[in-house]
Amino acid sequence: MIKDRLESDPNLLQCHVTGEISNFKHHSSGHMYFTLKDEQSRIRAVMFAGRNRRLRFRPEDGMRVICAGNVSVFDRDGQVQLYIEDMQPDGIGALYVQFEQLRNRLQAEGLFAASRKRPLPAYPTRIGVVTSPTGAVIRDICTTLQRRFPLAQVILAPAAVQGTGAAETIVRGLQRLWRLEHPVDVIIVGRGGGSLEELWPFNEEVVARAIARSPIPVVSAVGHETDVTICDFVADVRAATPTAAAELVAPHLQDIQYQLTQAVARSFGAVANRVQTAQKLLRTLEERPVLQTPKRMIDRERQGVDYIESRLREALVRPVRAARRQYAEVERRLLRVDLQRRMDTAKHQTSALHDRANQSMRRNLERYSAQLDRQIGVLEAMNPLSVLRRGYSVVYDEITDEIISSTAQLSPGQRIRIRVADGTVSAHVNDDGGTYARGEQTRLDI
């Protein structure tokens, strides 16, 4: 009855409630559960996933909101609840909430990091501008560049700077500049001042991500000095105004001329210093004796050459004389030696050693031959085939291959193998202990 009464009240079927969010919980199912409260009262609220997917902001504890929905009772708990169909921020505005949440998310991704910022080219010759072709921004930029750096060429990529669909035109303008056959050196994205709603295209996520992935450095020049947009955080450089952006991207021609003048002056000074240093070195060299009286130095060096030449000659003659003396001494010693007698003695000694070696070899051969004959005799005596050739034989069990050395190892019907000198015979034991031979004679490999 309570539920029916509440749901039939036209004032509660479609109502608006303003309050502060507390105990916010975003369930894994997608539903949002929280409490709306003010200074005097509170009411539980639920917003199902099918409704909250359309929200342009993320609800948080402490946020004041305006909710539209209906009041009913949750049967299980008997709890009066507000079933919300739509919700908007109250006080700070929905756009500002979207701005803060997008800024926090992109900052967490690292799109604002200083390490991503690229320096601007020192002397750009082609400058791209993404802005409205009819606004004052492009005129201010062109005027400033013509005054400061007329060598630069401005390439305009027209785009809408406010209203629905403006963000997409800004992105297309950036892409158009990236694809030019002759690429630009730097890009300015800008527009004049305005309200948060008018500047909103420059707070769109698609524009921020397009600037972040730009292969060319980007300068953000949106609004006046006090206006701040997401583009300002993502761009490589932020300019307070479009005019300031033009001053940032291009140097002043007078500054370049001054720098050139200073460079020329430094070059002349450096050359003058080098010339002075060289002149001082030349004067020092001119004062040296070797350059003032060269003939005296040459004569002294000639005397040194003569001294070295005499020492070289002496050094060459001295070993020759010593070698000659040594040769004469050896020749005299050879003459005193009777070579023929010493050769005859050596031949006699060699012949005697040869005879002694032959006799020793013959004695060793005779001794080794006798030893070999004795070893052969021993081996022949130990050869079992020699025993078999004298009429003996060896009996084996044909199955186990064991030697039969006693009749106790035999049994009737047992198959045996008899080994004689020239082969093997198979047989079996009969009932009375006799044997019957069978099979052919086989060849024995020794």
Side-chain angles (χ1 to χ4, degrees), residues 1-109 111-112 162-168 194-209 227-231 233:
M1 290 176 60
I2 295 173
K3 182 176 182 180
D4 292 340
R5 180 66 59 87
L6 291 175
E7 292 181 353
S8 63
D9 190 335
N11 295 321
L12 300 178
L13 286 177
Q14 185 64 38
C15 60
H16 291 79
V17 181
T18 300
E20 178 182 322
I21 295 176
S22 65
N23 300 323
F24 180 80
K25 180 180 180 181
H26 199 165
H27 197 271
S28 58
S29 63
H31 307 325
M32 293 179 178
Y33 299 94
F34 53 93
T35 300
L36 281 178
K37 66 177 183 176
D38 57 16
E39 293 80 3
Q40 298 175 351
S41 58
R42 63 181 60 210
I43 185 172
R44 290 180 60 180
V46 58
M47 191 173 191
F48 296 118
R51 299 290 186 181
N52 62 44
R53 289 195 189 100
R54 296 177 296 178
L55 291 180
R56 302 294 297 273
F57 68 100
R58 181 183 297 275
E60 298 174 353
D61 284 336
M63 182 180 294
R64 290 189 59 83
V65 292
I66 301 175
C67 301
N70 61 86
V71 179
S72 185
V73 174
F74 184 34
D75 295 343
R76 190 192 67 184
D77 298 340
Q79 179 70 44
V80 177
Q81 292 187 148
L82 175 64
Y83 292 85
I84 300 174
E85 297 180 359
D86 188 23
M87 181 165 51
Q88 295 293 335
D90 182 23
I92 59 176
L95 289 180
Y96 185 72
V97 173
Q98 294 179 42
F99 175 88
E100 288 294 326
Q101 292 182 349
L102 178 60
R103 185 182 68 173
N104 294 335
R105 181 154 52 86
L106 296 182
Q107 185 174 14
E109 293 181 20
L111 267 63
F112 303 163
Q162 70 180 56
T164 304
E168 287 71 17
S195 63
L196 180 61
E197 291 79 6
E198 293 173 338
L199 299 179
W200 191 251
F202 297 91
N203 292 319
E204 293 282 355
E205 184 173 359
V206 291
V207 176
R209 295 195 180 277
D227 296 323
V228 179
T229 63
I230 298 295
C231 288
F233 298 111

To the nearest 0.5 Å, how far apart are [atom1] in [X] and [atom2] in [Y]?
X	Y	atom1	atom2	answer
Q81	I43	CD	CD1	8.5 Å
R105	E100	CZ	CD	13.0 Å
I84	N70	CD1	CG	10.0 Å
L111	L102	CG	CG	9.5 Å
H16	D86	NE2	CG	7.5 Å
D4	D9	CG	CG	12.5 Å

Within a radius of less than 6.0 Å around CG of L13, do more than 12 heavy atoms belonging to other residues, nucleotides or ligands occur?
->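 Yes, enclosed.
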Over all atoms of both residues, closest heavy-atom pair of [X] and [Y]:
X	Y	answer
E85	M47	O-CE, 3.8 Å
G69	L82	C-CD1, 4.3 Å
Y83	V46	CD2-CG1, 3.3 Å
S72	L6	C-CD1, 4.3 Å
L199	G194	CD1-O, 3.7 Å
P201	A166	CG-CB, 3.6 Å

Qualifying salt bridge (charged side-chain N to carboxylate O under 4.0 Å, His left out) pairs, either residue in residues 12-37, two or more places apart |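 Checked against salt bridge (charged side-chain N to carboxylate O under 4.0 Å, His left out) - neighbours excluded - no pair reaches residues 12-37.
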Distance-only, no hydrogens or angles: does the [X] side chain make a donor-acceptor pair with backbone N or O of [Y] under 3.5 Å?
X	Y	value
N52	G30	yes
N203	I230	yes
Q88	V65	no

Identify, with sequence neighbours excluded, every residue that meets salt bridge (Lys or Arg N to Asp or Glu O under 4.0 Å) alongside R51.
->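 Partners of R51 under the salt bridge (Lys or Arg N to Asp or Glu O under 4.0 Å) test: none.
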D77 meets the salt bridge (Lys or Arg N to Asp or Glu O under 4.0 Å) criterion, sequence neighbours left out, with none
Partners passing ring pair (Phe, Tyr, Trp, His ring centres under 6.0 Å) against F48 (at least two apart in sequence or in another chain) = H31
M63 and its side-chain contact (heavy atoms from CB on, under 4.5 Å) partner, picked from F57, F34, F24 |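 Only match with M63 under side-chain contact (heavy atoms from CB on, under 4.5 Å): F57.
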Side chain to side chain contact (heavy atoms under 4.5 Å, CB included) between F233 and L106: does it pass, once the steps are laid out?
-> CA-CA 9 Å; F233 298 111; L106 296 182; over 6 Å; no
From CA spacing to verdict: side chain to side chain contact (heavy atoms under 4.5 Å, CB included), E60, I21 | CA-CA 7 Å; E60 298 174 353; I21 295 176; over 6 Å; no
Steps toward side chain to side chain contact (heavy atoms under 4.5 Å, CB included) verdict (V73, Q79) | CA-CA 5 Å; V73 174; Q79 179 70 44; over 6 Å; no
Between P89 and R64, is any pair of side-chain heavy atoms under 4.5 Å apart?
->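 Contact flag for P89/R64 side chains = no.
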Partner set under side chain to side chain contact (heavy atoms under 4.5 Å, CB included) for T35, not counting sequence neighbours =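 S22, N23, R42, R44.
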Sorted by chain and residue number, the side-chain hydrogen bond (donor to acceptor under 3.5 Å, both in side chains) partners of R209 (sequence neighbours excluded) come out as E109, E205
